[in-house]
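Keep in mind that the numbers below use all heavy atoms, side chains included, and drop hydrogens, waters and symmetry copies. In what follows, chains are A, B, ... by sequence order, proteins preceding strands, each numbered from 1.
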Amino acid sequence: MISESLVDLSRLQFAITALYHFLFVPLTLGLSFILAIMESAYVMTGKQVYQDMVKFWGKLFGINFALGVTTGLTMEFQFGTNWAYYSHYVGDIFGAPLAIEGLMAFFLESTFIGLFFFGWDRLTRVQHLMVTWLVAIGSNMSALWILIANGWMQNPVGAEFNYETMRMEMTNFVEVIFNPVAQVKFVHTVSAGYVTGAMFVLAISAYYMLKKRDLPFARRSFAIAASFGFASIISVIILGDESGYEIGDVQKTKLAAIEAEWHTQEPPADFTLIGFPNQETMETDYAVKIPGALGLIATRSVDEEIVGIKDLLKEHELRIRRGIEAYALLEKMRRGDKSDPTIAAFDALKDDLGYGLLLKKYTNNVVDATEEQIKQAAQDTIPKVAPMFWAFRLMVGLGFLMFILISLSFYYSTQHNVETKTWLLKALIISLPAPWIACEVGWFVAEFGRQPWSIAEVLPTHLSVSTRSVEDLYMSLAGFIGLYTLLLIVEMYLMIRFSRMGPSSLHTGRYHFEQNHGGGAAIAQPQQAVKDQA
Amino acid sequence: MDYETLKLTWWVLIGVLLIGFAVTDGFDMGVGALLRVIGKTDSERRVMLNTIGPHWDGNQVWFITAGGALFAAWPVVYAVAFSGFYWALLLVLFAMFFRPVGFEYRSKMEDPRWRSAWDWGLTIGGAVPALVFGVAFGNLFLGVPFTLDEFMRSTYTGSFWALLNPFALVAGLVSLGMLAMHGATYLQMRTDGDLHERARKISVLLAIIVAVLFALAGVWIYVGIDGLVITSTINTAAAITPLDKTVDVAAGGWLENYSRYPVMISAPVVAFAGLLFTVLMSAANRGALAFIGSSLAVTGIICTAGFSLFPFIMPSSLNPAYSLTVWDVVSSHKTLGIMFWVAMIFVPIILLYTTWGYYKMRGRLTTAFIEDNKYSTY
């Protein structure tokens, strides 16, 4: 049997590398469009300041982008290195969006990012503008395809098990692409990226305003980010609500865990605003409830019920029992019995095969599972409720905080008096980490809430791992953590350094540090100038 | 298109992606590997980096896409090879981590220690993957110690150190040498002055070394390494797994294809002709032609490896019958068909805009240009 610690370490490694990768992705998604908007303003007005904005924010974009590319490499290969059985079992479906992502999105984004940085003197203005837009479109298309892949893990449509090849195979590609879970996730995720980009530009521009430097530059950057951010934060919230509404079956369990919905309530269900979920007693202690709100949000009706965890458990236990029968039939077929009645009997039960495979954690033969093991496997289908409950509330809370900040920024920016609102500028700077935290906990809710499945109801996580030793995992984990920590320190160092220097880092002679100190010496020594200021 | 034709087509397409990777990202890796060898001053190194500056990221996508295409078209290979070659692949990834950040961050600070550290990073990022790819290919010829159970779960029993055997190291040196040579011919096209002269000399030297090592590997396979032959009839048009055949070990088995399909001899011929052409054109100071020569050599060498193994992809030394072949590692008929059309549509588009990018950035870079643009270049 597969060792539990191998599974746990493989999950930890995937979680760390994926969450780390996603520190860089949202800023790329958002900032690329902000750059495209700034450059459009440059091409339309011909004002130099807009070109400087593209170049300066582009510098910060590049520092971030380099690590996005670096850490993205890991993601493309880690399914093979650490999740080999997963790769075999669902590669027929899951591999396709990954390959298409390369062909349709990565090539576009990566080819034009080179021209974005190096092409200023080689391309016409309009050509360069087109290049910038293609970078933005390319990076957003990559999000589309990877979320189609991820959406399929949550809600595996358009595929069927083939007992001869021992894997899932694609039956309908269109269903995979237009998977409702994937589509909703895509728009929610990219909007979160746009908010991240906007918060980034707002906070750093706020810093220049507080320092009273490069004001025309900061003001224009602030205004573009505020309007772009305002549209984005509204779309994040609306589409987040939409993701609550789009629920497949495993999403039902996820929803129940997020809301600590232990019992099926009379519709419309109450919404637990806050409380302390207790997995042992299956109750939420000290719950503060809003009557009827959950039913309205999740079902958009007053009479549809939301299934509670206790009822889901009963249902899952039944499916595990059917899964055992499906597994027995599969073994029969693998041994050579391919008679029509066997195949027909298997086909009737094969949707529950995945539930049978949950028992592989306890017994290799599945069919000889004891009652206790079946109960245990059913318990496994419910993720830990408390972390889900709290992570979700943290994400939503941060979302509303950013909604308030961005709305105010947008409002005062239209009133042309945002520079006088120093409390808002300070709040923006302090809140800079908010979008990153919200993105990371959002992914935690989505993926931790999918457990114990790697592919919902099809393939349990513990079966998906590669056959490697625990020592291999400790060593590779150490390698990733060591290198990623080193790279993060370097990245943060450069990011902070160039943010502080501001547009003076372009060495055009037009900005703060090159003027205050006058003459050529200051231009040659901008780093020193920054140190003096700091 | 029928299943059998699609299986063969995907063998060709994976080959095209690998060659695309080696011909484009290959010269980036070669430039990285040579960075400290022929770039003597900071400005010269910056020239080298800036010749590939606008292109390395797009080129690297050939690598990523080859990984994605393996996943989509050959999921069994993706699963068995990457989990088996765990440490080799992680070594490649860890080394490649230093490239995007190295290019982007190196010249952002003036401190010589900072720049020197990143130069080492870029050297590792270029040389290590080039070496490991060759080592991995070498081990395919020797057979890889993996097996499959009845549910298609693979287990690999070898260690990382066992990969570093003499034959595989020769293959690794062929790969490192050819990509370094390819980087040098690229630099011949894109630089001038002392750097250009050094690139010319090292192109000649590397082409000769690669020719010798490549010939040595060929002789070694002929006299010292057993090949595999499928002994059962395979239903190439059906959905089958690697568990469904029998295989025999045969001396000289890896060269049988050349008598069965004489047209395959063209691959080693192109390889040697490309190497010769590289030597002649570098000596004659015709950089662009030398680059064509090294591109042909790279293509010929990769095709030679693929043709020799055909229809095998990843032979198993533990249980040769379970070796992975072109016929039994593929995705379903439907997925192969969809992915075929996706590739047919997008690869030409990619080639079109990539070519436009190179065209726009053409010309030689000089140290004077770098010094005039020191804040906006790598």
[atom2] on [Y] to [atom1] on [X], rounded to 0.5 Å:
| X | Y | atom1 | atom2 | result |
| --- | --- | --- | --- | --- |
| A/Thr74 | B/Met96 | OG1 | CE | 10.5 Å |
| A/Arg468 | B/Thr155 | CZ | OG1 | 10.0 Å |
| B/Phe98 | A/Leu487 | CZ | CG | 6.5 Å |
| B/Lys334 | A/Glu169 | NZ | CD | 11.0 Å |
| B/Gln60 | A/Thr70 | CD | OG1 | 7.5 Å |
| A/Asp472 | B/Ser159 | CG | OG | 10.5 Å |

Go through [options] and name the one with the most non-hydrogen pairs under 4.5 angstrom from chain B.
| options | answer |
| --- | --- |
| A/Ile93, A/Thr165, A/Val90, A/Asn162 | A/Thr165 |
| A/Gly102, A/Pro97, A/Gly114 | A/Gly114 |
| A/Asp92, A/Thr111, A/Ile100, A/Leu98 | A/Asp92 |
| A/Glu109, A/Gln78, A/Arg122 | A/Arg122 |
| A/Ser110, A/Ser469, A/Gly91, A/Gly68 | A/Ser110 |
| A/Trp120, A/Phe173, A/Tyr89 | A/Phe173 |

Residue part contacting chain B, namely of [X], when any heavy atom lies under 4.5 Å:
| X | result |
| --- | --- |
| A/Tyr163 | neither |
| A/Thr171 | backbone |
| A/Phe65 | side chain |
| A/Leu73 | both |
| A/Leu103 | both |
| A/Leu134 | neither |
| A/Gln127 | side chain |

Closest contact, heavy atoms only, [X] versus [Y]:
| X | Y | value |
| --- | --- | --- |
| A/His88 | B/Met152 | NE2-CB, 3.4 Å |
| A/Val69 | B/Pro100 | CG1-CG, 3.9 Å |
| A/Ser87 | B/Tyr78 | OG-CE2, 3.5 Å |
| B/Glu104 | A/Ile63 | OE2-N, 4.0 Å |
| B/Met339 | A/Ala96 | SD-CB, 3.7 Å |
| B/Ser154 | A/Thr467 | O-OG1, 2.9 Å |

Against chain A, label [X] side chain, backbone, both or neither, depending on which of its atoms sit under 4.5 Å from a heavy atom there.
| X | answer |
| --- | --- |
| B/Ser332 | both |
| B/Leu243 | side chain |
| B/Val101 | both |
| B/Val77 | neither |

In terms of heavy-atom contacts, does [atom1] of [X] have more than 12 from other residues, nucleotides or ligands at under 6.0 Å?
| X | atom1 | answer |
| --- | --- | --- |
| A/Tyr474 | OH | no |
| A/Asp121 | CG | no |
| A/Met492 | CE | no |

Legend entry - side-chain contact (heavy atoms from CB on, under 4.5 Å) assessment of B/Trp114 paired with A/Val490: CA-CA 11 Å; B/Trp114 167 275; A/Val490 174; 3.6 Å; yes

Below 4.5 Å, heavy-atom pairs only: which of [options] has the largest tally toward chain A?
| options | value |
| --- | --- |
| B/Arg99, B/His55, B/Glu150 | B/Glu150 |
| B/Val342, B/Asn59, B/Ile64 | B/Ile64 |
| B/Ile350, B/Ile338, B/Leu70, B/Leu93 | B/Ile350 |
| B/Phe160, B/Trp74, B/Trp62 | B/Trp62 |

Inset, instruction - Applying side-chain contact (heavy atoms from CB on, under 4.5 Å), run through A/Leu115 and B/Met361 and close with a yes or a no. - result: CA-CA 8 Å; A/Leu115 292 172; B/Met361 301 306 302; 3.7 Å; yes

Inset, instruction - Answer yes or no: is there a side-chain heavy-atom contact under 4.5 Å between A/Met170 and B/Ser331? - result: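 Heavy-atom side-chain distance check fails, nothing below 4.5 Å.
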
Inset, instruction - Residue by residue, scan residues 81-90 of chain B and write down, ordered by number, those that have a heavy-atom distance under 4.5 Å to chain A; if none do, write 'none'. - result: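 So far as heavy atoms go, B/Phe82, B/Ser83, B/Gly84, B/Tyr86, B/Trp87, B/Leu89, B/Leu90 are the residues that approach chain A to under 4.5 Å.
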
Inset, instruction - Please state whether the rings of B/Tyr375 and A/His507 are parallel, tilted or perpendicular, taking 30° and 60° as the class boundaries. - result: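 Parallel.
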
Inset, instruction - Can you label the angle between the B/Trp356 ring and the A/Phe112 ring as parallel, tilted or perpendicular, going by 30° and 60°? - result: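 Tilted, since the angle between the ring planes falls between 30° and 60°.
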
Legend entry - Criterion side-chain contact (heavy atoms from CB on, under 4.5 Å) on B/Met109 and A/Arg497, from CA distance to verdict: CA-CA 10 Å; B/Met109 307 265 290; A/Arg497 189 186 174 91; 3.6 Å; yes

Inset, instruction - State whether the side chain of A/Glu164 and the backbone N or O of B/Ile240 hold a donor-acceptor pair below 3.5 Å, judged by distance alone. - result: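 No, A/Glu164 side chain to B/Ile240 backbone: no donor-acceptor pair under 3.5 Å.
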
Inset, instruction - Please confirm whether the backbone N or O of A/Leu463 pairs with a side-chain atom of B/Arg153, one donor and one acceptor, at under 3.5 Å? - result: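 Confirmed, B/Arg153 side chain pairs with A/Leu463 backbone.
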
Inset, instruction - Kindly confirm or rule out a cation-pi arrangement of A/Lys360 over B/Phe151, judged by NZ or CZ under 6.0 Å from the six-membered ring centre and within 45° of its axis? - result: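 Checked: cation-pi criterion met.
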
Taking the six-membered ring for Trp, are [X] and [Y] ring centroids under 6.0 Å apart?
| X | Y | result |
| --- | --- | --- |
| A/Phe77 | B/Phe63 | yes |
| A/Phe117 | B/Tyr378 | no |
| B/Phe346 | A/Phe107 | no |

